[in-house]
Amino acid sequence: MKRRPLLAGNWKMHATVLDACHLAADIAKTCAGLEDRDVVLAPPFTVLSQVAHMVAETGIFIAAQNVCWEAEGAFTGEISPLMVLDAGGGAAIVGHSERRQIFHEDNALINKRVRGALAFGLIPILCVGETLEERESGQTFKVVEEQVRAGLAGVETADMKETILAYEPVWAIGTGKTASTGQAQEVHAFIRNLVADIYEKDIADQVRILYGGSVKPDNIDVLMAQEDIDGALVGGAALNAESFGRIIHFQEI
Ligand code: PEP
């Protein structure tokens, strides 16, 4: 089944207001006339509304890099789904490996974020992936299964149609090491089967599963040629309009 490709740029903790405006404007130029794929930008919270404003007429979607589950309250340092919507965002990355590894967010917390996002109409982009140690000790599928099942616990079938998954092997993020196409496709197919098991095949056929981990202009084409890879979540290469532009235009050039 053909799913609409989605190319997402995660800016992580980069970009002042000025940098963000330049980058967003340059990326918007490369997206002119794009009709057959979705582009998502996930800037830091501080520039979310400026970037959303800049790309408002371009068809580019805006995502937050994380989201709380409550509308408001005593949650110092958190951003609510309503605030993301108010700033012009429509999605939120949840469970990024940097949140899991550096800030010790566990599956239960990530599940609250996924359900919180959905409750307010934001599309969650749920990230899963194994560490190098887990891969080398043969635990990849076990870890990924736990993260997918726990991350999606309580998510209704109707909401699952909107939810986006991202397989991001931790050892490939920001390291310059990309999973081989075989390694990536194998885990993507596994995740899709898992979604079919938890929900139904029809949902699994529709759900978009992005690959993330050192995606670059020179490996995007071959990654996107894999049956179960529906897009990319891009970190480093998304901070440069030319390289992200090439990624957006995969298999065209
Ligand atoms: C990411 O931030 O999700 C990511 C995959 O980063 P990079 O492309 O730099 O590996």
Side-chain angles (χ1 to χ4, degrees), residues 5-15 19-20 23-24 27 30 38-48 51 60-67 89 91-103 105 110 113-114 117 123-132 134-135 140 143-144 147-148 151 163-181 183-185 187-188 191 208-224 226 228-250:
L6 189 158
L7 295 311
N10 172 16
W11 293 2
K12 310 196 188 199
M13 198 172 70
H14 294 283
D19 296 337
L23 184 56
I27 292 171
T30 75
D38 291 330
V39 175
V40 175
L41 297 181
F45 294 129
T46 48
V47 293
L48 208 64
V51 173
I60 296 174
F61 295 94
I62 297 296
Q65 294 178 17
N66 205 358
V67 71
I93 297 173
V94 177
H96 190 279
S97 71
E98 286 148 20
R99 300 303 314 176
R100 293 179 189 264
Q101 306 283 311
I102 304 170
F103 300 100
E105 293 197 10
I110 289 161
R113 296 191 187 280
V114 168
I123 296 175
I125 303 173
L126 171 63
C127 303
V128 300
E130 80 289 0
T131 61
L132 186 59
E134 289 162 346
R135 174 161 282 270
T140 299
V143 169
V144 168
Q147 291 174 340
V148 171
T163 299
I164 294 165
L165 299 174
Y167 169 56
E168 300 207 299
V170 180
W171 48 273
I173 297 181
T175 58
K177 289 184 199 160
T178 322
S180 69
T181 48
Q183 285 171 323
Q185 165 57 27
V187 181
H188 278 240
I191 294 172
R208 290 187 284 186
I209 309 175
L210 316 181
Y211 170 78
S214 299
V215 172
K216 304 277 183 253
D218 62 4
N219 58 26
I220 185 69
D221 292 342
V222 64
L223 285 163
M224 290 303 292
Q226 304 306 303
D228 290 292
I229 299 183
D230 308 311
L233 181 51
V234 186
L239 290 171
N240 176 290
E242 198 183 330
S243 60
F244 192 50
R246 174 63 185 84
I247 290 168
I248 290 168
H249 288 276
F250 72 92

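Both counts, for ligands and for their atoms, begin at 1 and track the order of listing.
A distance-only check finds a donor-acceptor pair linking the side chain of Arg100 to the backbone of Gly95 [under 3.5 Å]. Proximity of a side-chain donor or acceptor of Arg135 to a complementary backbone N or O of Thr140 within less than 3.5 Å is not detected.
Annotation: Glu168 places an N or O atom under 3.5 Å from an N or O atom of ligand 1; distance criterion only. Residue-to-ligand polar distances keep Thr175 apart from ligand 1: every N/O pair is separated by 3.5 Å or more.
Contacts between Glu98 and ligand 1, counted as non-hydrogen atom pairs separated by less than 4.0 Å, are absent for every part of the residue. Within the 4.0 Å heavy-atom criterion, both parts of Ile173, backbone and side chain, lie near ligand 1.
Within the 4.0 Å heavy-atom shell around ligand 1 one finds Gly213. Ligand 1 has at least one atom lying under 4.0 Å from a heavy atom of Ala172. Ligand 1 is never approached by Lys216 to a heavy-atom distance shorter than 4.0 Å.
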Inset, instruction - Apply the test side-chain contact (heavy atoms from CB on, under 4.5 Å) to residues Glu105 and Asn66: give CA-CA distance (whole Å), side-chain angles for both, the deciding distance (0.1 Å), then the verdict. - result: CA-CA 11 Å; Glu105 293 197 10; Asn66 205 358; 3.2 Å; yes

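At the top of the distance list for atom 8 (O) of ligand 1, counting protein heavy atoms only, stands Gly235 N, 2.8 Å. Annotation: atom 1 (C) of ligand 1 to nearest protein heavy atom, His96 NE2, 3.3 Å.
Of all the atoms in ligand 1, the ones that sit under 4.0 Å from a non-hydrogen atom of Gly174 are 7 (P), 9 (O), 10 (O). Residue contact check: Ser214 has heavy atoms under 4.0 Å from atoms 7 (P), 8 (O), 10 (O) of ligand 1.
Here the closest non-hydrogen pair linking Pro43 and Trp11 is CB-CE3, 3.5 Å.
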